[in-house]
Amino acid sequence: MPMQPWFPDAKLGIFIHYGIYAVGGAAESWSFYTGEMTHEQYMKQLDGFTASHYDPDAWAELFARVGARYAVLTARHHDGVALWDTDHRNLDVVRDTPAGRDLVTGFVDALRARDLKVGLYYSHSDWNHPDYASERHPGPVIVPPNEYSHAEPGKEDPAAWARYLAYRDGQVGELVERFRPDVLWFDGEWERTEEQWRMGELAELILSGNPDTILNGRMLSYGDYATPEQGTPLRAPDGPWELCLTINDSWSFRPQDRDFKSVRQLVRYFTETIGMGGNLLLGAGPREDGTIPEEQIERLEGLGAWIARHSDAVYGTVAGLPAGHHYGPSTLSADRRTLYLVCFDAPRDSVSIRGLRNPVRRATVLGTGAELGHLVTGGLDTVPGVTWIDAPATADLDDQATVIAVELEGELDLYTGAGRL
């Protein structure tokens with residue numbers, strides 16, 4: 001299906017990993033899978049999950065304030081603990097934790113009240129379901145399998161696997177029917193093949209319930225967009241995409257992880273991503289009580305303040321210049337007549353654009369409106385010269401990244417050849 005038009009212009013989403021793993025500050029699901037803690041220790045966290053200060057309205061207000069256009073909540077991670085009142089039970093916070101209530105409904109309602117798009121994360125795998133480890137991946141997998149994920153050789157149980165898929169389909173069907181999510185963000189796909197997951201049937205189930213739901217690339221060939229993780233790609237994936245990234249090194253709340261990215265680093269990630277036509281899905285991990293740590297809020301607000309000062313270079317834009325034409329990211333207005341050049345460091349003398357055939361009508365500093373001089377040097381026959389734009393004055397520089405708006409005569413026209421031979 002064609003991509004929903006809201007997605008490529010969203011630019012920023014917030015990725016919330018919230019679950020029982022926040023009780024002990026454990027890595028979400030992985031901590032018992034990899035042996036960081038025992039399975040018994042991990043599951044004991046059910047008893048401490050209260051969501052006592054969970055306020056989805058405050059979350060949504062924060063997301064909107066920082067300029068996000070969508071948010072994704074871990075409705076069910078690999079540990080199998082559902083955050084909503086599911087009729088297809090294995091584990092859920094309604095019956096199995098002191099929280100005692102559905103946490104997804106409030107999230108969905110709060111986002112929709114602020115015109116934010118709703119994303120729900122759901123793991124294909126459930127390492128706690130009694131029928132899950134009844135099948136084996138036929139080839140090599142990314143993560144070495146263990147007792148929670150794969151049947152031992154010769155002990156596959158097709159009937160149990162069919163029961164598991166019915167459980168998964170029942171839960172996904174609930175999410176679609178009850179919440180009509182704008183995005184279903186799947187994970188865990190590496191543990192089985194597309195055929196084993198019956199991805200085609202799952203996609204049909206989702207889209208028959210809500211044809212407007214978009215699916216991430218972890219639906220394999222049925223995904224609508226790519227979602228590289230934890231590192232800006234050097235080349236943009238084909239088609240729509242987002243980068244999912246943590247504020248520190250952890251998806252979930254881990255108080256010992258103090259390796260927070262600075263606002264300047266987040267602005268760099270963000271502008272490099274939107275400059276290649278993608279969205280940034282930035283992760284935050286609430287405490288077990290539902291409050292988002294102050295260090296994460298500060299960084300979200302810092303990024304949001306930068307976006308607010310430079311919104312013309314963010315929303316309503318497409319990917320900018322290819323690498324080599326400007327030494328930094330750039331975006332291009334939808335009418336292709338204004339370039340927005342991002343400068344991470346203060347230019348000493350001038351900013352250059354190579355290969356630009358268009359004359360420049362005007363160059364200004366976005367946010368202050370200061371006008372900058374410009375000229376072209378060189379060029380021969382069909383090969384354009386270099387366009388030089390005067391460096392902004394110190395007073396016009398932004399602390400995180402300065403943006404220069406370059407208004408062109410006509411739509412962007414670039415030379416990408418090898419010059420006169």
Side-chain angles (χ1 to χ4, degrees), residues 1-8 10 13 15 70 72 74-78 117-127 129 132 134-145 149-151 156 158 161-177 179-245 273 276-281 319:
M1 84 176 180
M3 173 53 70
Q4 295 296 315
W6 69 265
F7 184 81
F15 202 178
Y70 66 112
V72 179
T74 49
R76 201 208 74 185
H77 208 269
H78 315 316
K117 299 296 184 181
V118 171
L120 297 177
Y121 168 111
Y122 186 89
S123 173
H124 292 293
S125 53
D126 181 342
W127 295 332
H129 195 283
Y132 183 68
S134 60
E135 183 75 291
R136 292 184 62 80
H137 193 293
V141 293
I142 296 173
V143 180
S149 62
H150 283 67
E156 296 88 349
W161 182 244
R163 288 195 301 270
Y164 176 75
L165 290 179
Y167 152 80
R168 178 207 62 180
D169 291 350
Q171 287 200 327
V172 172
E174 282 182 338
L175 294 177
V176 173
E177 180 181 355
F179 305 116
R180 301 187 66 79
D182 300 289
V183 178
L184 272 174
W185 209 105
F186 286 94
D187 200 6
E189 81 295 342
W190 66 85
E191 293 206 318
R192 304 287 188 266
T193 66
E194 185 167 298
E195 293 73 22
Q196 288 174 316
W197 287 126
R198 298 180 192 168
M199 287 295 196
E201 291 90 336
L202 181 59
E204 184 177 356
L205 168 72
I206 295 165
L207 297 178
S208 64
N210 184 18
D212 293 334
T213 296
I214 60 174
L215 310 173
N216 72 331
R218 297 174 192 190
M219 278 289 288
L220 302 176
S221 66
Y222 294 91
D224 297 306
Y225 69 95
T227 181
E229 183 171 343
Q230 292 288 57
T232 311
L234 297 180
R235 179 185 64 81
D238 296 331
W241 65 283
E242 72 184 1
L243 168 66
C244 58
L245 180 78
T273 298
M276 290 194 290
N279 295 340
L280 178 62
L281 182 62

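Values below: every heavy atom of this structure, side chains too, minus hydrogens, waters and symmetry copies. All values reported here derive from a predicted model rather than from experimental measurement.
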Excluding sequence neighbours, so at least two apart, what forms ring-ring contact (aromatic ring centres under 6.0 Å, His included) with Trp197? His124, Trp161

Are any non-hydrogen side-chain atoms of [X] and [Y] less than 4.5 angstrom apart?
X	Y	value
Tyr70	Asp182	no
Leu202	Met219	yes
Val176	Leu205	no

Of all residues at least two apart in sequence or in a different chain, which pass the side chain to side chain contact (heavy atoms under 4.5 Å, CB included) check with Ala236? Trp241, Met276

Among residues at least two apart in sequence or on other chains, which ones pass side chain to side chain contact (heavy atoms under 4.5 Å, CB included) with Thr227? Trp185, Asn216, Arg218, Tyr225, Glu242, Cys244

Do you know which two heavy atoms are closest between [X] and [Y], and how far apart they sit?
X	Y	value
Leu175	Pro181	O-CD, 3.4 Å
Ala319	Gly277	CB-N, 3.6 Å
Gln196	Pro138	OE1-CD, 3.6 Å
Leu243	Gly231	CD1-O, 3.4 Å
Ala203	Leu215	CB-CD1, 4.4 Å
Tyr222	Gly200	CZ-CA, 3.3 Å

Which of these passes side chain to side chain contact (heavy atoms under 4.5 Å, CB included) with Leu184: Ile206, Val72, Val118? Ile206

What do the steps show when you test Met3 against Ile214 for side-chain contact (heavy atoms from CB on, under 4.5 Å), and what is the final call? CA-CA 7 Å; Met3 173 53 70; Ile214 60 174; 3.9 Å; yes

Has Asp187 got a side-chain atom pairing as donor or acceptor with Tyr121's backbone, closer than 3.5 angstrom? no

Results of salt bridge (Lys or Arg N to Asp or Glu O under 4.0 Å) for [X] - residues two or more places apart only:
X	value
Glu174	Arg178
Arg163	Asp131
Arg168	none

Name all residues meeting the side-chain hydrogen bond (donor to acceptor under 3.5 Å, both in side chains) criterion together with [X]; count only those two or more places apart in sequence or in a different chain, and write none if there are none.
X	value
Ser221	Glu194
Asn210	Arg180, Thr213
Asp126	Asn90, Tyr167
His150	Arg192

What residue pairs, at least two apart or across chains, pass salt bridge (charged side-chain N to carboxylate O under 4.0 Å, His left out) with a residue in residues 198-210? none

Any pair with a residue in residues 135-145 that passes salt bridge (charged side-chain N to carboxylate O under 4.0 Å, His left out), sequence neighbours left out, goes on the list, sorted by first then second residue, please. none

At what distance, to the nearest 0.5 angstrom, does NZ of Lys117 lie from CH2 of Trp6? 7.0 Å

Spacing of His78 atom NE2 and Ser149 atom OG [to the nearest 0.5 Å]: 10.5 Å

Walk me through it: do Asp224 and Phe7 pass the test side-chain contact (heavy atoms from CB on, under 4.5 Å)? CA-CA 11 Å; Asp224 297 306; Phe7 184 81; over 6 Å; no

